[in-house]
Amino acid sequence: MSTSADPLAALAALPGVAESVNAVRNAVDRVYGHRVMRRRSNEVTSEAALRGARGSAALAGADWALEEVRRRTDFGAEGEPRTVGAALRLTAEAGQLLSIWRQSPLRVLARLHLVAAGGAEGDEGVGRPRQSGEPVDEPLIGSDLPLPDADEVAGRLDGLARLLLAGSEAPALVTAAVVHGELLALRPFVSRNGLVARAAERIVLVGSGLDPKSICPAEVGYAELGVAPYMAALEGYASGTPEGMAVWIAHCGRAVELGVRESTAVCEALQRGAA
């Protein structure tokens, strides 16, 4: 990233990023202007949360049909059920952590991992950054993306927290994309890093005021775009080059737009009385 006084704002000035920011802003404004949002926004929020959780779980290897996620109540079994349950818990928890995020992002990240783990790992590996020598269980992210060591993770997490607490003039999309990309690149926890990264992005989008009612589930967009493009864009972020960072931010922007499209469809269905 840039070494300027406001590195996030410097990223916003990269070629193509302004177009992504504007496209996202226009899309969000349109769905918030939908007539259904005047009286039934809570229903749209609930449906967006469910669909976002389904999308995040799909990226983590549990690609269940929406109706399967909707009807199931037991997510305790190992494998895919536990992954879907983790995504649902994170979606519910994220909305409760906005005020804490503004004061201590690292505390929130620890809480998100604790919620995501749900007792799946031993106490030693839950709710704290991984230590030297600890393995990382993150099947989505292969060996093509180098795994930073524990010291680098600690330093970069501290830098990310300081960056967020300092504030920035950058658009919400840029900040959210950096939080998401940094957590995926670092994989700071022993597991569930993807789920945590996407939940943290959601917190930024909501807390920034871009999507205050949490009706624009970017997770839906990432799942729709597919794992391969997601990983290719992440490699761009991890490269640290201006071109790579711009590609990642644009990918995040497109995911938000697709999330907006999903919630617009929900609004239309509610208007017709079909949902």
Side-chain angles (χ1 to χ4, degrees), residues 52-53 55-62 75-76 78-98 100-101 103-165 175-204 218-219 222 227 230-231 234-235 237-238 248 252:
S56 191
L59 287 168
F75 299 99
E78 290 295 335
E80 292 187 6
R82 194 180 288 277
T83 297
V84 175
L88 289 167
R89 291 193 303 272
L90 281 173
T91 299
E93 186 77 9
Q96 310 302 315
L97 297 173
L98 289 173
I100 303 173
W101 177 266
Q103 300 172 14
S104 179
L106 297 186
R107 181 180 167 193
V108 169
L109 292 177
R111 174 62 185 172
L112 290 175
H113 186 252
L114 186 65
V115 170
E121 289 88 15
D123 290 341
E124 288 301 313
V126 175
R128 60 154 176 78
R130 55 185 168 84
Q131 297 175 356
S132 180
E134 287 186 319
V136 176
D137 180 15
E138 199 71 37
L140 173 67
I141 302 177
S143 58
D144 290 342
L145 196 68
L147 182 68
D149 64 28
D151 288 340
E152 182 178 352
V153 167
R156 286 174 61 175
L157 280 178
D158 182 66
L160 178 64
R162 286 188 282 105
L163 190 65
L164 293 170
L165 292 172
T175 303
V178 167
V179 168
H180 184 174
E182 191 71 356
L183 293 175
L184 279 182
L186 290 178
R187 283 148 288 166
F189 302 108
V190 295
S191 66
R192 309 292 194 199
N193 291 286
L195 294 174
V196 169
R198 291 184 288 275
E201 180 187 60
R202 164 70 20 218
I203 289 172
V204 174
E219 304 93 333
Y222 293 122
V227 170
Y230 186 62
M231 291 307 304
L234 175 60
E235 288 173 7
Y237 175 88
W248 171 249
C252 294

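Worth knowing before you read on, the calculation uses all heavy atoms, side chains too, and leaves out hydrogens, waters and symmetry mates.
Closest of all the heavy-atom pairs between Glu201 and Ala218 is OE1-CB, 3.7 Å. Of all non-hydrogen atoms in Trp248 and Leu234, the two that sit nearest each other are CE3-N, 3.5 Å. The minimum heavy-atom distance between Leu90 and Val196, with the atom names listed, is CD1-N, 4.1 Å. Listed here is the closest heavy atom pair of Pro105 and Gln103: CD-C, 4.0 Å. Smallest separation of non-hydrogen atoms from Ala199 and Ala94: O-CB, 4.4 Å. Considering all non-hydrogen atoms of both residues, Thr83 and Leu195 come closest at O-CD1, 4.2 Å.
For Phe189, the ring-ring contact (aromatic ring centres under 6.0 Å, His included) partners two or more places apart in sequence, or in a different chain, are His113. Remark: Arg107 engages no residue in a side chain to side chain donor-acceptor pair (under 3.5 Å) (not counting sequence neighbours).
Ion pairing between a basic and an acidic side chain is recognised when a charged N comes within 4.0 Å of a carboxylate O; Glu93 and Arg89 show no such pairing.
Proximity of Leu184 to Leu145: side-chain heavy atoms (C-beta onward) are nowhere separated by under 4.5 Å. Val227 has its side chain within reach of Leu59: a pair of non-hydrogen atoms, C-beta onward, lies under 4.5 Å apart. For the pair Leu157 and Pro129, the minimum side-chain heavy-atom distance is below 4.5 Å.
Put simply, CD1 on Ile141 and CD on Glu235 are 10.0 Å apart, with the number rounded to the nearest 0.5 Å. In this structure, Asp149 CG and Arg130 CZ are separated by 7.5 Å, a value rounded to the nearest 0.5 Å. One distance of note links OG1 of Thr175 with CG of Leu160; it measures 10.0 Å at 0.5 Å rounding.
Put simply, the residue from Glu138, Arg187, Arg198 that forms a side-chain hydrogen bond (donor to acceptor under 3.5 Å, both in side chains) with Asn193 is Glu138.
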| said: For Leu112 and Ile203: C-alpha separation, side-chain torsions, deciding distance, then whether side-chain contact (heavy atoms from CB on, under 4.5 Å) applies. | reply: CA-CA 11 Å; Leu112 290 175; Ile203 289 172; 4.1 Å; yes
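The closest donor-acceptor contact from the side chain of Thr91 to the backbone of Ala87 lies under 3.5 Å.
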